[in-house]
Structure formats: C-alpha cells, structure tokens
Amino acid sequence: MPSATPRVGLFVTCLVDLMRPSVGFAAIRLLENAGCRVEVPETQTCCGQPAYNSGDRKDTRDIARGVIEAFQGFEYVVVPSGSCAGMIHEHYPALFADEPETLAKAKALAAKTHELVSFLVDVMEVDRVFATYEGTVTYHDSCSGLRELKVKEQPRKLLATVEGLGLKELPTAEICCGFGGTFCVKYPDISERMAKEKADDVTATGADTLLAGDLGCLMNMAGKLQRQGSPVRVRHVAEVLAGMTDSAPIGEPEKR
Amino acid sequence: MQATSHAFKDNVRKAIVDPGLQKALGMMKTGFQARRLAAIQKLPEFEELREKGREIKNHVLENLDFYLERFERKVTEAGGHVHWCRTAEEARETILELCRKRNAKTVTKGKSMIAEEIALNDFLEEKGIEPVETDLGEYIIQLRREPPSHIIAPAVHLNKEDVIEAFHKSHTHLDPNRPMEEPTQLLDEARTVLRPKFLEADVGITGANFMIAETGSTIIVTNEGNGDLTQILPKMHIVLASLEKLVPTFEDAATILRLLARSATGQEFSVYTTVSTGPKRAADLDGPEEFHVVLLDNGRTNILGTEFQDMLRCIRCSACLNHCPVYATVGGHAYGWVYPGPMGSVLTPTLIGIDKAGHLPNASTFCGRCESVCPMKIPLPKMMRHWREREFERHLSPASVRTGLAFWAWFAKRPRLYRLATGIASRLLGLLGRAHGRYSWLPLASGWTKGRDFPAPQGGTFMSRYAAQRKAP
C-alpha cells in the first residue's frame, strides 16, 4: 500500500531524455495528479540495456550500480518505458549474484520499480484520467512491458476514460514491431520488414493515432508510417493520458 | 548438411525479397498460432502441465546416466540393441554397418531431425544405399534436394506450385499431362509412389520423440502413419535419437505428450502415437526382426552443467518458430543449418560453434514470445543473451558494434559528461530536423533510414529543461 504522498523517483530513460522530453513532463503530471511527490535524480543516464543485450556484462554492471546509487531512498521508482522498467525489475538482481551487498540493493530497487501506466493503475489505483483527445486510437503492446511486466489492460483502462477518444484494437498488438534496441541497427533488413508489417496493420485499423508505452517502438513505427506517407499521428500514451498533446506528434514538425 | 549460418545476412536479404517464400510464410504464421491458441484455451491445466514437463525433464537431465543405463538394460531385455555414439561420424558408421548386415539397398525413413544433424541421407547415398523419406514434406524436399526449413513441417516454405513442379520432374514414369491441381491428387500420387518403397525397404529408420527408461520403449508421433510403415514392414528397425529424448516412465511421456501436439499444430494428440518395445515377438503378426537404438551424444553432454542446459528440455514442438516474428520474416533456410528459429538460435552454436553461428542468437529483438509459448518453459532469450556474452568475451562481435557500445557506455557512466554530450546532440539534431520533424537520411544510421524516417528530437534534453524549469521562479 502506498503512503499518503509517496515519494517517487522518475527514471526518465535515455530515449525520452534525448528525443522527447514532453513524455517526461507528461509522466510527472500524471504522477502528481495521482498524489505522488516526484523527484528526478540528476545523475541518471541509462538503464544499461544496450550493453546488457550486447553481452557486455561489465559495463552493464557499472551502469546499473550508478542507477542503484541514484535511486536510493525513494518509495517507488517509476519509468515511462516497459523495457527500461523491465531491465531494472527483472534483470538487475540477476546481474549481481556474486556481489551480496549490491545484490541486496538491486533487489530493493527492483521491488519498487514500476512502468508508469501500470504503476498508476495497479499501485496508485487510478481508475480514470481527466483528459480530452479527439481521435481514434490504436495501441501497440511493447514486448518487455507486456511479457516481463504484464502491462496490458492498464493503458486500455485509462484510455477508455479519455473524453472523445475512441479505441480500435490492433489485432497484432502483441507482435514485436522490430525495434529491439541494437537489433534495428544490427539487422536493419529484418527490422524494417517487421516495422512494415506493423505499420500496415496499424493502417488497416483505420485509427488516426498510434500509442504505446515505449519510445523506441514508437520511433520505429512512426518512422515507417511516415516513410509510407501515412497521416497516422504517433505519441507516447503518457502524453494523451496527461492531456499534454500540444507538442507535435513523433516525427512531425512543431507548428509555428 | 553444410552450415551457411555465417552467411545469415545474405540469406536474409534473399529471403525477404522471395515472393513465394513470403507468401508461404504469411500463411503458416496465422495457421499455427491460431490453432495452438484454440487447443490451449480448451485445456485448463495447460500451465500446470508446463510446470510438470519442466520438472520431469530437469530431473532426467540431473540423472541422465542412471536413466540411460536403465533404458539400455530394458531394450536389451526386450530383445533389442543399444549403440552408443559419441559423434555424428560414429552414428553414421554404426547405421551403415547395420544396413550392410542386411544387405540393404533401400532404407525408408520417418522424419528425423537427428538424421539431418548427422547428414545421414547424403552419407547413405554415397555408400550406395537409397534412403527414401516417407513423411510427405520430407519426401518433397528430398526430391528438391534441399534441407527442411521447419522442424515439424519441413516443406512449409513451399507453395503448391513448387510441389507440382517437383513431382513433374521426378515422377517421370507418370503421364506428364495428368491432373495435378488438387492437393488430394498430389497426395494420392505421393502415396502411390511411396507404397512400393515401403514394401521393398530392407531397413526402416525413425527418430524418437521419447525414449522410456522404465520399459526400454521408444515413441514416435506422426500424422501420416508413415512412421508405422517405416518401422513395421522392414526386417530391421533402427531408432536414431539424441540422449536427451529420455523420460523415466510412461506416465512422464504421457504428461509431455499432452503438451506436444497442442503446442505444435493445435491437435490434442497426433494422429498416430506409436510405441516400439524391442523387435517382433513370437506371437506378433508383424514387426521387425531386429530392433536397434542408435544413441547420439554429438555435444549434448557438453551442454550439461552449463548455462545452456535448459535447452536440453526441448521436445521439438516448433511453437517457438511459429510465434517468432524473425522466423516469420526470413523463414527457416536463412538460419543456415538444421535447426531454425529461437530454439535453433540457442542450439546451433552448441553444435557447430558460436564462431560459425554467431548471427543466430544476435538476430533477435528479445520480444520473449518464444519463451511464453514454450511448453517446457525454456528461457530462450536468456540463453541467446548468454551467447552474446560469450561472443563479447571472445571479441567475436563486429568491431563497429563494440566501439559504438564502448562509446555509449563510457558516457553513461559519467553523468556530467553524459549531460553535456546529450545536450549538444539533442539540440543539434533538433535544430537540423526542425523544419520537417524527421530525417529521411542520417549518417551512421543508414540501416534505419534506408526504409524508415528518423524522428527528430524535440531539441534540448528532458534533464536540462527540467533543471531550467526548477530554476525559473
């Protein structure tokens, strides 16, 4: 059970930090609306996944120690990304089996780390948002969030409470979009083909908006849709839930 | 077969633009997935069975020597013989010797991935013995002289036109103008051609889905019944199986059988589940006079006790292949050797070496779908990651990747410098991309931008904007 005003550390993720800060601000608004006190530790950089999935355990451990250090003392750590939250929650403890002290800290951090939308619904028991969005939305289930953290119903539950928003299920929502972190640059042919399948499926729903909870997936899908000349607008689900859709969708120029 | 796994990227390039293959893959994708799901949903205890299956196989692997010796004893008691073969070469030679013993000219074969692994057919042909594949899919690819592309549906990469062409070319004794458009016509033709082969075969070779220690029995599952004709009609039945197919009891086999067909094709049970225990007994109406089990190690015991041990739980159902988005994009031949898809990506490096098969465990997004459908709960992505770790330690990953990673990690460990570098990068890319909101080309990212646009950053990092906001009154 969360305390009255839980102290939440926001792990903003390297992609949000570098590419799309508005997602971070949307996350803060959602958390504050839910009654949390949000802080953003300054020394955070990356969760270490690129190194981890490339087999570089040493760098992964070094980076993870930094994250563990930076996020000490919070009641919860919340992440607007299933894959980064999954990295901390599922994989950090496994990294330190040989270092009991760090292992204990890693386990403690893992236990309190959550993906954003599932945190709002499952922990803070938020059952509605106060936002408007005129449009038909289709939702992609990013793999790590779905399979490691069981994020499935929660975004749909909250999206259903957004005024004006219509939800059209993507029949292949649970199939990987082809981003896969370093995969998309190591095997671009396969990645691009998977992105094409995903983009075609999105177009087939007739929705005008595509949402998901992971920026890597979103950039990949937006990139393919836009290369196809699709008018589908792509955003992070946090932006719509927080009612913060002033900034341009992913891959589109800001209106002057 | 000769591995082309090192040429994975070239294989992929060809596969992606092959219209026949892409059409075939499109069809198999939805069929297998939907049927499996329907079967699973009808079985409330499916999850429990997965857990039981895992326990049974883990137990066997922990006690493999005990159960193997028990199995041998029981096979011998039943009148059969067990041959221990450490390598592919030993297995080939053993089988050859057994065939020579019967002056075999023709050998019928049930589907066996182990036979592919040891390249048995080519070897027998070299030695003047004709191997005849009797599983329809295997028969078709044997005619086309190509390897299987899937572990249970070997010809899944083919369309009807390919089959018609293969039969046309090979069945030259038949009227070239015969009707061949209907699948039933092709099936009847295959049956007619294969029937005499079944009858004239001197030796029948099958694989084994299970070997049962308590009775010395072997079990195969087929949908066509070709396994039965292969093993009952000839005078000698050879079972070719790798060590880890062992289970302690019939009950254990039954438990895993409840998982197998459902996970593979969505059937509750395969059409034929055939149990063999030794050769024909005096009172039996038919059956082989000789029963031999060729047990193959070929690297399995090397996997025991390593971080790849869980791979030995695999029952070759193909659920992981059928749900893998990478397999669905490139097909089985791209993987370059006997075992494709996620299970192939973990197993192949153990058998032919990570230096030759390095691409396979790397060509994965770790979406995790394979692990989620594996009836034996094998942690496939985890083991693929272990391969990547082994490659990294041995400096087998490409230099560009290592350098890029090292660069990234260096900054990620130094927050202040990271802030500086990301601040510059995001502002620059944001500025340059402001007009269009995206890049249709980006240096160092041509793999991405070849087929996709690259969204421009909003400009300025979150951390700098957040810090600025907090400073502002």
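Just so it is clear: chains get the letters A, B, ... in the order the sequence lines come, proteins before strands, and each one is counted from 1.
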Item to complete: Could you tell me whether A/Arg61 and A/Glu99 have a side-chain N and a carboxylate O separated by less than 4.0 Å?
Response: yes

Discussion item. Less than 4.0 angstrom from a charged side-chain N to a carboxylate O is my criterion; do A/Asp17 and B/Arg419 meet it?
Written reply: yes

Worksheet item: chain B: which of A/Ser54, A/Cys184, A/Ala222 shares the most heavy-atom pairs with it under 4.5 Å?
Response: A/Ser54

Worksheet item: For the candidates B/Arg388, B/Met463, B/Lys413, B/Arg385, which exhibits the highest count of non-hydrogen atom pairs separated by less than 4.5 Å from chain A?
Response: B/Arg385

Response to the item:
Greatest number of non-hydrogen atom pairs under 4.5 angstrom with chain A, of B/Pro415, B/Cys367, B/Ser397, B/Gly404, falls to B/Cys367

Response to the item:
Counting heavy-atom pairs under 4.5 angstrom with chain A, the leader among B/Pro398, B/Ser372, B/Pro325, B/Ala445 is B/Pro325

Fill in: Side-chain ion pair, B/Glu307 and B/Lys382, N-O less than 4.0 Å
no

Fill in: Ion pair check, B/Asp10 and B/Arg13, cut-off under 4.0 Å
yes

Practice prompt. Check each atom of B/Ser440 against the heavy atoms of chain A and say whether the ones under 4.5 Å are side chain, backbone, both or neither.
Written response: both

Practice prompt. Under 4.5 Å, counting heavy-atom pairs only, tell me which of B/Ala409, B/Ser464, B/Pro381 racks up the most with chain A.
Written response: B/Ala409

Worksheet entry | Under 4.5 Å from any heavy atom of chain B - which part of A/Cys14 | both

Worksheet entry | Residue selection (most heavy-atom pairs with chain A, distance under 4.5 Å) from B/Gly447, B/Ser400, B/Ala412 | B/Ala412

Worksheet entry | Basic-acidic side-chain contact under 4.0 Å: A/Asp62, A/Lys58 | yes

Discussion item. Between A/Glu32 and A/Arg37 (salt bridge meaning N to carboxylate O under 4.0 Å), is one present in this structure?
Written reply: no

Worksheet item: Is any NZ, NE, NH1 or NH2 atom of the basic residue among A/Glu192 and B/Lys450 found under 4.0 Å from an Asp or Glu carboxylate oxygen of the other?
Response: no

Discussion item. Heavy-atom pairs under 4.5 Å with chain B - which of A/Asp56, A/Leu225, A/Ile250 has more of them than the others?
Written reply: A/Asp56

Practice prompt. Answer with side chain, backbone, both or neither: which region of B/His359 has an atom nearer than 4.5 Å to a non-hydrogen atom of chain A?
Written response: both

